[in-house]
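Since the model is a prediction, treat every value here as computed from it, not as a measurement.
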Amino acid sequence: MRIWLLFSSCGLLVATTRTSNVPATSLCEAWKGSDPANVSVPNEEEYEILKNSNWSPVARRQPACIIRVQNTETLKELLPQLVEAQVQFAIRSGGHMVVPEASNINDGVLIDLSRVDAIKYSPRDQTVLVGSGARWKHLYEVLEMYNRTAVGGRMADIGIGGLLLGGGLSWLSNKYGLACDNVVNYEVILANGTIINANASSSSDLFRALKGGGNNFGIVLHFTLRTYPLQRVWGGTKFYAHEQFPALVAALARYQAAPIQDPDANVMIQGPITNSSYGIILTLVYSQPIENPPAFSAFEGIPVLLDNTAIRTYADLIASANESDISQLLKWDFRTATFALNATLYNELLHITTDSPEVATISKLNSGTFVFNLQPISTGVVKEGKLRGGNSLGLSEEPQVWVEYLTAWSDVKADDLAYSSARSILNRVEQVAHRSGNYHQYKFMNDASWDQDVIGHYGDNNVAFLKSVQVKYDPGRTFQSLVRGGFKIPT
Ligand SMILES: Cc1cc2nc3c(=O)[nH]c(=O)nc-3n(C[C@H](O)[C@H](O)[C@H](O)COP(=O)(O)OP(=O)(O)OC[C@H]3O[C@@H](n4cnc5c(N)ncnc54)[C@H](O)[C@@H]3O)c2cc1C
């Protein structure tokens with residue numbers, strides 16, 4: 001008997017037992033025999049590369065085999081077999097989620113979608129069909145040939161699938177809503193092998209559920225997305241001395257409080273707390289080729305150390321946010337909270353975060369890093385989502401900030417300490433926000449940690465809706481029980 005750690009419905013780790021992984025091994029052997037080019041097993045070179053291709057080491061595992069799916073036919077055959085043999089499996093597109101086991105698995109089958117990467121633009125209806133395993137940079141490059149773009153990742157290499165199923169925050173969200181709001185069709189394979197096209201007029205319940213519902217209903221092979229005209233944009237990063245952090249946070253509140261919100265303007269502040277010599281990074285993106293537009297006037301007058309903003313193509317802008325800056329050798333935890341716009345609260349959040357004793361604990365870890373990010377969300381983001389049919393996220397239609405704490409470390413045995421330190425800091429700021437009436441329950445899946453109950457915070461109505469969709473499309477609860485990783489619908 002082996003003790004296994006599984007994710008419970010609320011995302012917490014719970015101990016459970018399993019007798020053996022024999023079904024996974026025999027299923028893998030059978031698939032290896034019939035499709036050797038697309039199945040990797042331990043001790044093969046390709047297996048070693050693929051098992052480690054999750055973005056952060058915290059998410060890498062040792063599956064019994066990795067099956068590289070290329071088309072619906074493979075999944076139609078594979079999924080019923082996994083169900084029949086009760087084999088645990090994980091689904092991976094771009095592998096960027098830093099949640100352990102979200103998109104990799106020990107001993108079970110890893111379904112790797114990286115070869116499902118077709119990108120086909122349709123000039124007739126101005127939509128693009130994209131495979132779940134494609135990367136945002138490739139999609140932007142293809143669409144740029146048509147002077148168009150899609151609402152998606154702010155970094156080049158993120159996978160299409162995970163970002164869209166978790167909501168998806170884009171530099172274009174103030175204008176067009178979240179990335180998920182711009183999906184017009186999901187091609188989904190259900191646990192019984194049925195292929196469904198979920199859209200506004202067919203399987204519309206599944207269509208809405210997938211807009212934030214993660215991996216709880218089926219495997220999405222292809223997404224069809226709206227596209228928008230876009231040529232050159234203005235934007236990039238500005239670097240400030242660390243002591244300007246309070247001024248930048250105050251400016252952010254003023255920027256968000258402006259009576260007229262410019263939908264072309266988008267902002268993010270990233271502040272390393274542990275490594276203060278790095279300074280503070282302000283990213284400004286304006287989706288028109290206009291330098292220093294008035295929308296960003298709140299940030300004027302704060303002394304800048306380095307300014308990389310320029311007019312450029314959108315694909316160039318995305319490529320300039322180099323992921324290699326964020327070392328993929330480190331273990332990462334992302335952790336999220338949502339608060340109402342409030343200048344006093346923002347200032348308090350900054351001070352509580354900076355002064356938390358746990359920051360020193362994280363600093364002492366090897367490569368210990370703690371970063372405080374503020375992502376302003378305008379009412380436009382929520383309104384545009386509703387105009388496009390709505391999602392399952394339960395967002396309030398008011399200005400808010402999605403806070404993200406990033407913790408990194410490299411010690412083999414410091415995981416518990418790193419997670420608990422970050423958790424304590426977030427608990428502290430959430431208590432303060434609660435007391436001042438500025439707490440929002442929403443938790444952004446794409447920035448969430450493994451122990452955060454993301455879907456449970458979408459609101460009672462949304463949770464009830466998601467459960468009803470699950471009963472209808474996955475009555476055997478395969479994606480709840482056999483896909484143990486990722487954020488689950490609370491039971
Ligand atoms: C450097 C970096 C930058 C980021 N920037 C942004 C950003 O700008 N905006 C934003 O919104 N998020 C951002 N994120 C978060 C990112 O969007 C999420 O981690 C997202 O899950 C990544 O998608 P993926 O396909 O790479 O993930 P994966 O790790 O492959 O998958 C994530 C989850 O989705 C499930 N899943 C994936 N594909 C499918 C599918 N086809 N069918 C069913 N389930 C599936 C997996 O099982 C897993 O639970 C960033 C993350 C990193 C590391």
Side-chain angles (χ1 to χ4, degrees), residues 4-14 16 51 53-56 58-61 63 66 69 75 79 82-83 87-114 132-133 158-168 179-180 186 188-191 206 209-221 223 332-336 391-393 419 443-458 462-463 466-467 469-470 473-474 476-491:
W4 281 64
L5 289 174
L6 295 190
F7 284 98
S8 76
S9 56
C10 67
L12 293 173
L13 285 170
V14 290
T16 185
K51 86 175 164 65
S53 70
N54 290 73
W55 185 76
S56 171
V58 287
R60 296 173 193 159
R61 290 293 183 273
I66 302 167
V69 168
L75 274 183
L79 279 177
L82 291 165
V83 175
V87 170
Q88 308 256 0
F89 61 102
I91 309 149
R92 183 175 71 194
S93 286
H96 270 53
M97 190 171 264
V98 298
V99 170
E101 308 239 316
S103 48
N104 207 330
I105 187 166
N106 279 331
D107 299 335
V109 170
L110 172 58
I111 299 179
D112 178 287
L113 301 175
S114 57
S132 185
I158 310 165
I160 298 284
L163 183 134
L164 286 172
L165 292 166
C180 69
Y186 298 86
V188 195
I189 323 297
L190 303 182
L206 181 59
L210 286 167
K211 292 173 182 248
N215 64 9
N216 285 290
F217 307 100
I219 299 185
V220 182
L221 225 54
F223 301 80
W332 284 92
D333 176 50
F334 294 3
R335 195 167 287 271
T336 182
N391 52 47
S392 55
L393 303 171
Y419 287 127
K443 304 209 181 306
F444 179 33
M445 185 184 288
N446 290 354
D447 287 347
S449 184
W450 60 270
D451 58 357
Q452 296 193 283
D453 177 13
V454 166
I455 295 181
H457 286 88
Y458 285 0
N462 285 307
V463 173
L466 292 173
K467 282 183 180 171
V469 175
Q470 184 181 51
Y473 292 93
D474 185 21
R477 302 178 82 247
T478 296
F479 287 89
Q480 192 88 13
S481 58
L482 293 184
V483 180
R484 62 187 187 227
F487 294 97
K488 301 283 112 180
I489 301 172
T491 44

Rounded at 0.5 Å granularity, tell me how far [atom1] in [X] sits from [atom2] in [Y].
| X | Y | atom1 | atom2 | answer |
| --- | --- | --- | --- | --- |
| T491 | Q480 | OG1 | CD | 7.0 Å |
| L164 | Y186 | CG | OH | 6.5 Å |
| L221 | S132 | CG | OG | 7.0 Å |
| F223 | I160 | CZ | CD1 | 8.0 Å |
| L165 | C180 | CG | SG | 9.0 Å |
| N216 | R477 | CG | CZ | 9.5 Å |

Using modelled atom types and a 3.5 Å cut-off, is there a donor and acceptor pairing between side-chain atoms of [X] and backbone atoms of [Y]?
| X | Y | answer |
| --- | --- | --- |
| N391 | L393 | yes |
| H96 | G94 | yes |
| Q452 | T336 | yes |
| N104 | E101 | no |

**Prompt:** Please walk me through it: do K51 and R60 pass side-chain contact (heavy atoms from CB on, under 4.5 Å)?
**Reply:** CA-CA 6 Å; K51 86 175 164 65; R60 296 173 193 159; over 6 Å; no
Taking side-chain hydrogen bond (donor to acceptor under 3.5 Å, both in side chains) as the definition, give me every residue that meets it alongside [X], ordered by chain and number, with sequence neighbours left out.
| X | result |
| --- | --- |
| D112 | R92, S114 |
| Y473 | D205 |
| K211 | none |

**Asked** What pairs with F334 under ring-ring contact (aromatic ring centres under 6.0 Å, His included), at least two apart in sequence or on another chain?
**Response**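 Result, ring-ring contact (aromatic ring centres under 6.0 Å, His included) vs F334: none returned.
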**Item:** ring-ring contact (aromatic ring centres under 6.0 Å, His included) involving F89 - partner list, sequence neighbours excluded
**Value:**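 With sequence neighbours excluded, F89 shows a ring-ring contact (aromatic ring centres under 6.0 Å, His included) to F479, given in chain and number order.
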Just wondering, do [Y] and [X] contact through their side chains at under 4.5 Å, heavy atoms?
| X | Y | answer |
| --- | --- | --- |
| L210 | V188 | yes |
| P63 | D107 | no |
| K488 | N215 | yes |

**Message:** According to salt bridge (charged side-chain N to carboxylate O under 4.0 Å, His left out), who are the partners of R335, at least two apart in sequence or on a separate chain?
**Reply:**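 For R335, the residues satisfying salt bridge (charged side-chain N to carboxylate O under 4.0 Å, His left out) (neighbours in sequence not counted) are D333, D451.
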**Message:** The test is side-chain contact (heavy atoms from CB on, under 4.5 Å); show your working for V87 and L482 and say whether it passes.
**Reply:** CA-CA 7 Å; V87 170; L482 293 184; over 6 Å; no
**Message:** Using the rule given for side-chain contact (heavy atoms from CB on, under 4.5 Å), can you reason through V469 versus L466, listing the C-alpha separation, both sets of side-chain angles and the distance that settles it, and then say yes or no?
**Reply:** CA-CA 5 Å; V469 175; L466 292 173; 5.6 Å; no
**Item:** CA sep, side-chain torsions, deciding dist, call: I111, L75, side-chain contact (heavy atoms from CB on, under 4.5 Å)
**Value:** CA-CA 9 Å; I111 299 179; L75 274 183; 4.2 Å; yes
**Prompt:** How about W450 and Y419: are their ring centroids closer than 6.0 Å?
**Reply:**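 Yes, ring centres under 6.0 Å apart.
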**Asked** In terms of the angle between their ring planes, are W332 and W55 parallel, tilted or perpendicular, with boundaries placed at 30° and 60°?
**Response**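 Taking W55 first and then W332, their aromatic rings sit tilted (interplane angle of 30° to 60°).
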